[in-house]
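Below: one structure, written as structure tokens.
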Amino acid sequence: MSKRHLLGFVAFSLLLAGCYHAGGGLAPATTTSEGETHMHFDEENGKENTVVYTDAGFSPSAITVQAGTAVTFVNESSGVMWVASAVHPTHQNLRGFDQLKSTGHGTSYSYTFTQAGEWKYHDHRSPGETGTVVVQ
Amino acid sequence: MRKFFAVFTQRDPREQVALVLGALALVSLIPFPKIWFGSLIHLLGSLVFALVVDFLLTGLRQKKWIFPRSALVTGFLIGLILDPSTPLWMTFLTAVFAISSKRLIRLGQHHIFNPAAFGLVISSFLFQSSISWWAVSATPVWSIAVLVIGMSVVLQRLRLLWMPVGFLGIYMAYLLLWSPSVLPIRLLDSSLFLFVFVMLPEYRTSPVIDHWRYSFGFFVGAIFMVLFQLFHLNSPDPLLVSLLLADLLSFLVIKSQKSSP
């Protein structure tokens with residue numbers, strides 16, 4: 001690989017990364033249902049089946065729901081939130097359970113769990129913050 | 001600037017990688033004043049543990065007391081990948097597993113497994129420690145910039161730039177088959193870049209002879225696909241497990257080729 005190729009490769013990679021992450025920056029709010037993403041402001045969240053994300057992490061860290069139930073993740077942290085299925089960074093444990101972008105304080109993301117199981121998730125931008133949704 | 005660049009390019013490759021990882025640590029810690037202290041202690045702990053264990057193991061075995069430059073890379077990788085909330089004793093044992101694999105699991109002159117990957121996988125298996133790739137997740141664009149610019153210089157010098165390209169190629173094919181709608185977001189992931197640009201082309205354990213220089217990336221990617229798709233491996237981290245399996249299999253293949261008449 002010559003120096004010209006190397007420079008081209010570096011420039012192309014950086015351009016792609018920059019464009020992509022710039023395009024997927026902060027969004028006002030995101031609600032996802034079984035993989036479909038819609039942009040809207042989530043005003044009314046039911047108390048149950050809601051997981052709050054704060055600077056201390058997800059609360060409750062484990063929640064049990066029936067199959068077909070939507071769980072809403074609300075960002076009350078001072079930073080961004082990107083909820084995604086385990087395992088970081090591939091997020092393929094439960095395909096479709098992935099917010100696919102970072103959203104700021106006050107936003108929410110919903111996902112309808114249709115498959116029974118114990119689904120672990122994390123914040124993609126802070127992968128040490130994890131939680132579990134048990135679907136019966 | 002040219003002088004700085006010359007100082008960087010003329011260094012030992014292990015020092016170059018350590019410098020890139022040091023820059024990565026800076027871009028990860030600086031924007032987050034709330035977490036920087038705990039993360040810095042975790043990172044420094046990992047570095048010190050790796051250096052001390054390697055220094056002692058090498059010294060006791062070979063009676064040579066030298067500064068272990070490769071342990072810098074191992075220490076940085078453990079500190080940057082293992083979650084900062086990990087207790088220090090667990091970070092210490094991760095470093096012990098990593099350095100021990102380098103010094104004890106070897107044949108002749110060569111160790112078999114990528115030390116950092118080995119330590120992290122064993123630690124995750126034994127203690128359920130969290131492999132979070134935290135350092136590159138918080139500031140993805142800056143992390144990718146540091147990794148691509150810094151490591152391209154190192155890998156170009158070692159003639160190993162095809163290794164990450166090979167892995168990214170097969171990973172892209174995998175995404176096209178199974179998750180085409182999220183291909184860009186998965187492919188341009190900073191954790192993946194840390195894996196393919198630093199861990200994958202570790203020139204002491206990843207084979208660099210003959211076609212392996214070009215094909216090892218494909219090989220690791222193929223193992224990853226099999227583990228993930230057929231065996232649904234989620235934990236320990238499938239990227240690191242794929243690398244360890246590929247290290248072992250390529251080592252056995254090369255050894256059998258050498259021993260056959």
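Just so it is clear, the model here is predicted, and its values are computed rather than measured. Below, chain A is the first sequence line, B the second, and so on; all start at residue 1.
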(request) Quick one: pull up CG in A/L100 and OG in B/S181 and give me the separation to the nearest 0.5 Å. (result) 7.5 Å

(request) Measure distances from B/T86 to the heavy atoms of chain A and classify the residue's part below 4.5 Å as side chain, backbone, both or neither. (result) neither

(request) Give a yes or no answer on whether the side chain of B/R186 reaches the backbone of A/T90 with a donor-acceptor pair at less than 3.5 Å. (result) yes

(request) Give the minimum heavy-atom separation between B/D83 and A/G128, together with the two atoms involved. (result) OD1-CA, 2.9 Å

(message) Is a donor from one side chain sitting under 3.5 angstrom from an acceptor on the other, for A/H88 and B/S191?
(response) yes

(message) Restricting to non-hydrogen atoms, name the atom on B/W134 and the atom on A/P127 that form the minimum distance, rounded to 0.1 Å.
(response) CA-CD, 4.3 Å

(request) Under 4.5 Å heavy-atom distance to chain A, tell me which part of B/L239 shows up: side chain, backbone, both or neither. (result) side chain

(request) Report the distance from atom OG of B/S132 to atom NE2 of A/H124, rounding to the nearest 0.5 Å. (result) 11.5 Å

(request) Step through the shown structure and confirm whether more than 12 heavy atoms of other residues, nucleotides or ligands are within 6.0 Å of CZ on A/R95. (result) yes

(request) For B/Y214, look at atom OH and say whether over 12 heavy atoms of other residues, nucleotides or ligands are found less than 6.0 Å away. (result) no

(request) Check the surroundings of atom CH2 in B/W178: do more than 12 heavy atoms from other residues, nucleotides or ligands lie under 6.0 Å from it? (result) no

(request) Assess whether atom CH2 of B/W142 is packed by more than 12 heavy atoms of other residues, nucleotides or ligands within 6.0 Å. (result) no

(request) Supply the atom-to-atom distance A/E129 CD to B/S130 OG, rounded to the nearest 0.5 angstrom. (result) 9.5 Å

(message) For B/F195, which atoms come within 4.5 Å of any heavy atom of chain A: side chain, backbone, both, or neither?
(response) neither

